[in-house]
Structure formats: C-alpha cells, structure tokens
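Notes follow once the structure below has been shown.
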Amino acid sequence: MEQRGMGQPEGVTAPSCDQHRLMMMSTSDTPTELRGVFHAETIVVGGGIVGCAIAFELASRGQEVLLVEQSEIAGGTSSAAAGMLAADSEDFAHPILAQAAYDSRELLHKQKDQISALTDMDVGLRRSGFITPFRSYSDLSQYKDKRNASSDSGQHWWDRSKVQREVAWLNRETYGAYYKPLESEVLPVSLTRAYARSAQMMGARIWEGVQDVRLLVNNDRVRGITTAKGEITCKHVIVAAGLQGDLLMHQVGVTLPSSPVKGEMIAIRFPAEQTAYRPDRTVYAEDVYIVPKANGEVWIGATSLPGRKDHSVSANCVQRLLGAASYWVPGIKEADFLRAWAGVRPSTPDGIPYIGRCGQITGLYAAYGHFRNGILLSAITGRWIADMLEGKSAEEIGIEALSPDRMNRRGVML
Ligand code: GLY
C-alpha cells in the first residue's frame with residue numbers, strides 16, 4: 001500500500017472516525033517482540049480494504065487469522081479512494097468482474113448490518129443512486145457504443161425535463177442522464193477500519209506497524225513470514241498488499257507484476273446557505289465524478305496518471321477537476337475548498353486483479369491489483385479467498401480468469 005498524500009480524506013471532519021480509531025485497539029494488539037515460535041493458521045499481509053475484508057470473512061467463518069500491516073489500517077490506497085460502489089458505472093476488464101462488482105456491492109450492504117452489530121461503527125454506506133449525465137445526443141451515442149448491453153439493465157433514462165425535475169442542482173443544459181438507483185457509496189477508511197475491528201471482535205488478530213515482511217518458503221510450500229519483530233509460522237499466506245504485493249511475490253520467485261496509477265482528488269463543502277445547490281447523489285460523468293459523502297463533504301475525482309506513485313497534487317489537477325465538476329454542478333463554484341490528496345492504484349498488465357492460489361507455492365494466495373475497484377470488490381474478494389481456503393477451486397467458484405497462474409501461462413517477464 002502507498003501512503004496517503006495531502007489531506008485526511010475522512011478523519012478530519014468525521015468525528016466518528018476518531019472514535020473508531022480509539023476503538024481499533026489494533027496497535028495494542030501488536031506485540032512489541034515475538035518470543036519463541038509464533039503460529040497462525042492464516043496470515044493476511046496488508047491492512048488495506050482487501051486485506052481487512054479477507055480477515056473479516058475468515059474470522060466470521062471461525063478461521064484463525066492474523067493480519068499484519070506495515071503502517072496502519074487503511075493508511076494507504078484505501079484512504080485515498082472515493083468509496084464509490086459503482087458496479088453499474090465502471091468499465092471492467094473481464095465480464096466476471098462486472099458480475100462480481102454487482103455481487104460485491106450487494107454483499108457489502110448485507111455485511112453492514114453484521115459490522116454494526118459487532119462494532120456499532122457507521123461506515124457511511126448509502127444507496128443514493130448515481131447520475132451519468134450527457135451534454136448532447138452525440139455524447140450519449142458514444143457512451144452507448146462503449147458499453148455492452150448488459151450494463152444497461154440497472155439504469156433508467158431521464159430526459160432533460162426529468163433531469164430538471166429530479167436533480168435541480170445539475171446543469172440545466174444537460175441533454176439527459178442515466179439514473180442508476182442501485183449504485184452506492186461508502187466512507188472507505190471507515191469501512192476498512194470497521195472490517196478490521198469486526199474481524200478482531202470475531203477473534204482475528206490485527207497487527208499494525210509490522211515492518212520488513214518477507215515470505216518464508218521451503219520446498220515450494222509456504223512456512224510463514226519473517227518480520228522485524230520475528231518469525232511467524234502459518235499454513236496459508238494471503239498477499240493483499242496492493243502495490244507491495246508485487247515485491248513480496250518476486251522475492252519468492254513468483255512473477256505477478258503490478259504498476260502504479262496515481263489519482264488526485266479534492267474535497268469541498270457547501271456552506272449552510274448553499275445546501276440547495278449541493279448534489280444529493282453521485283454524478284458519474286465521462287470526465288469527472290462528484291460524490292456527496294455521509295460526513296457532509298463532497299469528493300471530486302479523479303485523475304489517472306499511469307506510472308506515477310508520488311503523492312503530490314498539481315494545481316492543474318485541482319483546476320481541471322473543479323472545472324469539470326462545476327460544469328455539471330454549477331453550485332460547486334460557491335462551495336468551500338477543503339483539501340486535495342493523491343493515492344496510487346495498483347494495476348496489473350491485463351487490468352484484472354490477481355485473486356487466488358499461486359500454483360507454484362503451496363499455501364500462497366494473491367489478492368491484489370484491484371486497480372480502480374478495491375473498495376467495490378473487497379467484499380467478494382474476501383468471500384472468494386475464504387471459499388478457497390475451505391477447499392473450493394477457482395473453477396468451482398467460477399473465477400479461473402482471475403487466477404494468478406494466468407501470468408505463468410502467458411510467460412510474463414518482470
Ligand atoms: N474508483 C475510482 C477511481 O479509482 O478513480
């Protein structure tokens with residue numbers, strides 16, 4: 001995971017997150033030093049949204065799990081995300097991912113009740129629906145040409161007069177828009193911490209600040225991990241370490257490359273007298289997305305800069321995002337600017353995450369490379385990994401296309 005750039009996306013203005021931080025007790029859960037041989041049935045490496053969702057699912061099935069994170073829970077890419085559960089809006093590199101996105105969004109809504117029963121944490125999950133607006137008939141046609149027919153199922157067409165009636169805060173010149181009522185959004189840091197905390201409540205151990213993790217492999221079988229605190233033996237290791245996953249795997253001769261795609265975002269807030277102009281649902285346009293959050297802020301994103309893993313935010317990006325956003329929601333010009341930040345998405349050469357067993361090494365699993373959709377696909381990734389640990393094959397689950405072993409078959413070189 002990469003560390004967050006400027007800004008503290010949720011914590012600054014959402015007091016509930018500070019409470020959650022205190023409740024995490026994850027640092028006190030971390031031993032200062034490991035004495036003797038420490039063992040866990042399954043180790044998850046990475047405390048971002050994917051690792052925490054896996055720990056949550058395993059713990060909820062009564063599995064013994066230890067999650068290790070080099071910095072803090074949700075300290076990296078997960079903290080920079082917009083938190084859109086955009087199953088009907090995103091483009092996916094494989095049809096399996098499109099279906100998985102839908103399933104994962106619905107699974108998250110179910111998990112929310114389990115999480116709040118365990119922790120009383122509010123993850124800001126809301127199904128307020130998304131608007132995809134168009135400037136002209138020609139823009140609409142181009143959009144339809146790019147999308148396949150199945151993606152039309154979850155959406156309704158609104159013509160200009162319907163748009164003006166339903167979303168008065170949207171540009172009145174809008175030609176028309178798709179309304180996608182099932183689309184949802186969540187506070188990503190809150191969700192990540194809530195997964196971790198819920199997993200703890202169900203018996204998982206969550207250790208933060210565990211540095212220098214390396215995989216311990218012997219005779220093509222995972223034996224555990226070594227860390228700056230000492231050695232931990234285990235039966236299974238799940239590498240859910242985002243961009244760092246690549247390096248961990250490489251150390252044991254497994255080639256699962258990932259590359260950074262930086263994204264910049266900004267947060268604004270509407271003053272009390274301007275709330276009539278504040279969007280009350282997400283605008284997911286071709287050039288920008290505008291996401292009203294449960295903490296009262298509106299997040300606007302995002303740039304896409306392949307190969308960049310720094311966390312600077314350029315003035316040009318702020319100008320471009322604000323320009324695009326205020327075209328769609330003119331009231332944004334009167335809003336207060338709060339902050340800007342950057343995160344780094346982990347992408348893979350084929351745009352498909354690595355999820356599943358690494359055939360070369362018994363007991364080793366990958367769960368990284370989710371690119372733009374880590375938050376959205378977290379819940380289903382947790383379920384799939386837990387299914388595999390219970391003995392199901394990728395074929396049985398229907399996710400062979402996501403298998404890390406596809407890279408061996410293609411002879412990918414680092
Ligand atoms: N999930 C949207 C993005 O990565 O920009």
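Since the model is a prediction, treat every value here as computed from it, not as a measurement. Note that ligands are numbered from 1 as they come in the structure, with each ligand's atoms numbered from 1 the same way.
Using a 4.0 Å cut-off between heavy atoms, F371 makes no contact with ligand 1 at all.
Electrostatic pairing of R383 and D103 does not count as a salt bridge here, judged by no charged N lying under 4.0 Å from a carboxylate O. Salt-bridge annotation for R105 and D88: present, with a side-chain N of the basic residue lying under 4.0 Å from a carboxylate O of the acidic one.
Of the candidates Y368, W384, F371, Y354 forms a ring pair (Phe, Tyr, Trp, His ring centres under 6.0 Å) with just one, namely Y368.
Nearest to atom 1 (N) of ligand 1 among the protein's heavy atoms is R372 O, 2.7 Å. Distance from atom 4 (O) of ligand 1 to its nearest protein heavy atom, with residue and atom name: R345 NE, 2.7 Å.
Counting atoms of ligand 1 from 1 in the listed order, those under 4.0 Å from a heavy atom of Y289 are 2 (C), 3 (C), 5 (O).
Taking F130 as the reference, nothing meets the ring-ring contact (aromatic ring centres under 6.0 Å, His included) condition, with sequence neighbours excluded.
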